[in-house]
Amino acid sequence: MGLAYTYYPGCSVGATSRWYDISLRAVAKALDVELAELEDWNCCGATAYMSVRELMSFCISARNLALAEPLGRDIVTPCNACFTVLHKTNRYWHEDETLRGKVNEALAAAGLHYKGTVKVRHALDPFVNDVGLDAISEKVTKPLAGLKVAAYYGCQLVRPETGLDSPDYPVILDQLLASLGAEPVDWAMKARCCGASLIVSREDVARDLIADILKCAADAGAEAITTLCPMCHINLETQMARINKDYGFDLNFPVLFFTQLMGVALGVDETELGLDKGFIDARPLLTRHGIGARA
């Protein structure tokens with residue numbers, strides 16, 4: 001086995017976004033990457049909880065970091081919200097001595113202590129920066145030739161500045177798509193907020209945001225959108241039909257996790273990718289491009 005990481009799946013991929021988890025694990029295996037799931041991990045509270053109970057959010061997130069620390073590996077998560085919360089907890093833990101004391105006081109009640117040695121990374125990061133685009137490209141058996149894809153980063157992966165890519169115009173996912181043979185489209189809303197959980201409390205506001213994103217991707221010529229975030233995926237996919245009705249659009253393209261597209265290109269068995277499990281079956285689109293997906 002080559003590269004190895006501690007895997008923090010987060011809550012969403014165990015429920016509404018389980019094909020993200022399944023396809024991620026399959027792709028990691030195909031690239032000889034070990035993802036060892038963190039034992040006894042707990043929900044990080046996501047960004048919504050951090051906005052109302054910040055100290056508690058830091059404490060429950062730090063519990064995951066404290067559990068991961070003795071393993072001596074970077075912690076990797078596929079969820080943008082989990083990445084944001086864990087990364088912010090780690091950064092604040094280093095920068096704020098008072099907070100550090102309060103967090104470790106809370107951890108001590110559970111027999112834990114965090115020293116601050118864990119590096120938090122989004123699942124996209126080790127694929128691109130550790131495995132490398134050239135190595136991935138060499139393992140492509142079904143190039144996504146001619147497939148025009150809008151890479152949607154969402155608003156949390158690169159903001160506030162995480163050091164992963166430009167906070168205003170990221171390209172790292174576009175580069176990965178190109179290494180798979182796809183044609184990433186150039187569009188303006190790749191890092192625009194979709195509203196996330198605002199779809200629950202202010203559906204009208206969130207739907208306006210989602211409509212702008214979907215229309216922008218379509219106008220740029222995208223045949224599919226790929227996402228890195230369970231919440232972004234739900235918003236873009238489940239709201240498309242309603243937005244077509246309310247805004248007079250005629251949008252009809254699949255929304256896929258980036259690991260599903262990686263899996264196709266790497267020749268992963270389609271039963272591990274869930275290409276037919278979305279609101280719009282992705283297999284007919286792939287078949288039209290001769291990529292070999294069964295429809």
Side-chain angles (χ1 to χ4, degrees), residues 3-39 41-48 61 64-65 67-68 71 73-90 118-131 136 149 151-159 162 164-165 170 172-173 176-177 180 190-191 194 196-197 225-237 255-266 268 272-275 277-278:
L3 300 165
Y5 306 89
T6 298
Y7 179 47
Y8 176 81
C11 304
S12 296
V13 302
T16 54
S17 304
R18 69 188 188 95
W19 285 106
Y20 195 8
D21 177 67
I22 294 170
S23 59
L24 171 60
R25 292 176 190 263
V27 166
K29 183 179 180 181
L31 293 174
D32 197 26
V33 172
E34 180 184 358
L35 295 178
E37 184 169 337
L38 180 65
E39 292 186 10
W41 61 267
N42 57 270
C43 172
C44 70
T47 49
S61 296
N64 294 309
L65 299 177
L67 290 174
L71 303 175
R73 298 178 296 224
D74 295 350
I75 190 168
V76 168
T77 180
C79 173
N80 285 13
C82 295
F83 171 70
T84 297
V85 171
L86 294 175
H87 185 271
K88 182 177 179 180
T89 298
N90 213 25
V118 177
K119 183 176 181 180
V120 179
R121 306 175 74 181
H122 189 280
L124 174 68
D125 184 355
F127 285 142
V128 173
N129 293 314
D130 296 352
V131 177
I136 291 173
V149 185
Y152 180 60
Y153 298 76
C155 61
Q156 295 181 323
L157 182 68
V158 291
R159 292 195 298 265
T162 61
L164 182 60
D165 204 340
I172 185 172
L173 181 56
L176 175 62
L177 290 172
L180 303 175
K190 57 171 62 179
C194 71
S197 55
I225 293 180
T226 190
T227 72
L228 303 137
C229 172
M231 193 72 230
C232 297
H233 182 269
I234 288 176
N235 277 353
L236 297 183
E237 183 181 52
V255 181
L256 297 161
F257 293 110
F258 79 100
T259 47
Q260 292 176 296
L261 287 176
M262 287 185 73
V264 171
L266 294 172
V268 171
E272 298 183 84
L273 300 178
L275 299 173
K277 304 304 181 185

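Being a predicted model, the structure only gives us computed values, none of them experimental.
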K.L.:
What is the ring orientation for W41 with Y8, classed by angle as parallel under 30°, tilted 30 to 60°, or perpendicular over 60°?
P.N.:
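Perpendicular, since the angle between the ring planes exceeds 60°.
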
K.L.:
Judged by modelled atom types alone, do Y5 and D130 share a side-chain donor-acceptor pair under 3.5 Å?
P.N.:
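Looking only at side-chain atoms, D130 and Y5 do form a donor-acceptor pair, the distance falling under 3.5 Å.
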
K.L.:
Looking at side-chain heavy atoms only, is the closest gap between N129 and I172 below 4.5 Å?
P.N.:
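Yes, close enough: below the 4.5 Å cut-off.
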
K.L.:
Does any non-hydrogen side-chain atom of V120 lie less than 4.5 Å from one of L65?
P.N.:
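Yes, side chains in contact.
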
K.L.:
Roughly how far apart are R121 CZ and L164 CG, rounded to 0.5 Å?
P.N.:
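It is 9.0 Å, given to the nearest 0.5 Å.
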
K.L.:
Using modelled atom types only, decide if a donor and an acceptor are shared between the side chain of T6 and the backbone of I75 within a distance under 3.5 Å.
P.N.:
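It does not hold such a pair.
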
K.L.:
For the side chain of D21 and the backbone of G10, is there at least one donor-acceptor N/O pair under 3.5 Å apart?
P.N.:
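No; zero donor-acceptor contacts below 3.5 Å.
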
K.L.:
Tell me, do F83 and Q156 make a side-chain contact under 4.5 Å, heavy atoms counted?
P.N.:
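No, too far: nothing below the 4.5 Å cut-off.
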
K.L.:
Can you tell if the side chain of F258 reaches within under 4.5 Å of the side chain of V149, non-hydrogen atoms only?
P.N.:
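Heavy-atom side-chain distance check fails, nothing below 4.5 Å.
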
K.L.:
Under the side-chain contact (heavy atoms from CB on, under 4.5 Å) criterion, do N80 and T227 qualify, and how do the steps go?
P.N.:
CA-CA 10 Å; N80 285 13; T227 72; over 6 Å; no

K.L.:
Determine, step by step, whether H233 and F257 satisfy the side-chain contact (heavy atoms from CB on, under 4.5 Å) criterion, reporting the C-alpha distance in whole Å, the side-chain angles of both residues, the deciding distance to 0.1 Å, and the verdict.
P.N.:
CA-CA 7 Å; H233 182 269; F257 293 110; 3.4 Å; yes

K.L.:
Once you round to the nearest 0.5 Å, how far does CG of L261 lie from CG of L176?
P.N.:
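Spacing of CG (L261) from CG (L176) equals 9.0 Å.
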
K.L.:
Would you mind reporting whether M231 and S12 have side-chain heavy atoms less than 4.5 Å apart?
P.N.:
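Heavy-atom side-chain distance check fails, nothing below 4.5 Å.
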
K.L.:
For the atom pair NZ (K88) and SG (C44), what is the distance rounded to the nearest 0.5 Å?
P.N.:
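Here the interatomic distance stands at 12.0 Å.
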
K.L.:
Can you tell me how far OG of S23 sits from CG of L266, rounded to the nearest 0.5 angstrom?
P.N.:
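So the gap between those two atoms works out to 11.5 Å.
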
K.L.:
Working note: K29 + V268, criterion side-chain contact (heavy atoms from CB on, under 4.5 Å); need CA distance, chi angles, decisive distance, verdict.
P.N.:
CA-CA 9 Å; K29 183 179 180 181; V268 171; over 6 Å; no

K.L.:
Could you tell me whether a side-chain N or O of H122 sits under 3.5 Å from a main-chain N or O of L228, the two making a donor and an acceptor?
P.N.:
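Answer holds: yes.
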
K.L.:
So, for F127 and I136, which heavy atoms are closest and what is the spacing to 0.1 Å?
P.N.:
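It is O-CD1, 3.4 Å.
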
K.L.:
Quick one: does T89's side chain get under 4.5 Å of L86's, heavy atoms only?
P.N.:
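T89 vs L86: side chains apart.
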
K.L.:
Does any part of the side chain of Q260, heavy atoms only, come nearer than 4.5 Å to the side chain of L275, both counted from C-beta?
P.N.:
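Yes, close enough: below the 4.5 Å cut-off.
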
K.L.:
At their closest point, which heavy atom of G154 faces which heavy atom of C232, and how far apart are they?
P.N.:
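Shortest heavy-atom contact: CA-SG, 4.1 Å.
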
K.L.:
Less than 4.5 Å apart, side chain to side chain, heavy atoms only: is that true for L31 and L3?
P.N.:
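The answer is no; the side chains never approach within 4.5 Å.
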
K.L.:
Determine, stepwise, if the pair N64 / V118 fulfils side-chain contact (heavy atoms from CB on, under 4.5 Å).
P.N.:
CA-CA 10 Å; N64 294 309; V118 177; over 6 Å; no

K.L.:
Are the side chain of Y20 and the backbone of P78 linked by a donor-acceptor contact shorter than 3.5 Å?
P.N.:
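Yes: the side chain of Y20 pairs with the backbone of P78.
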
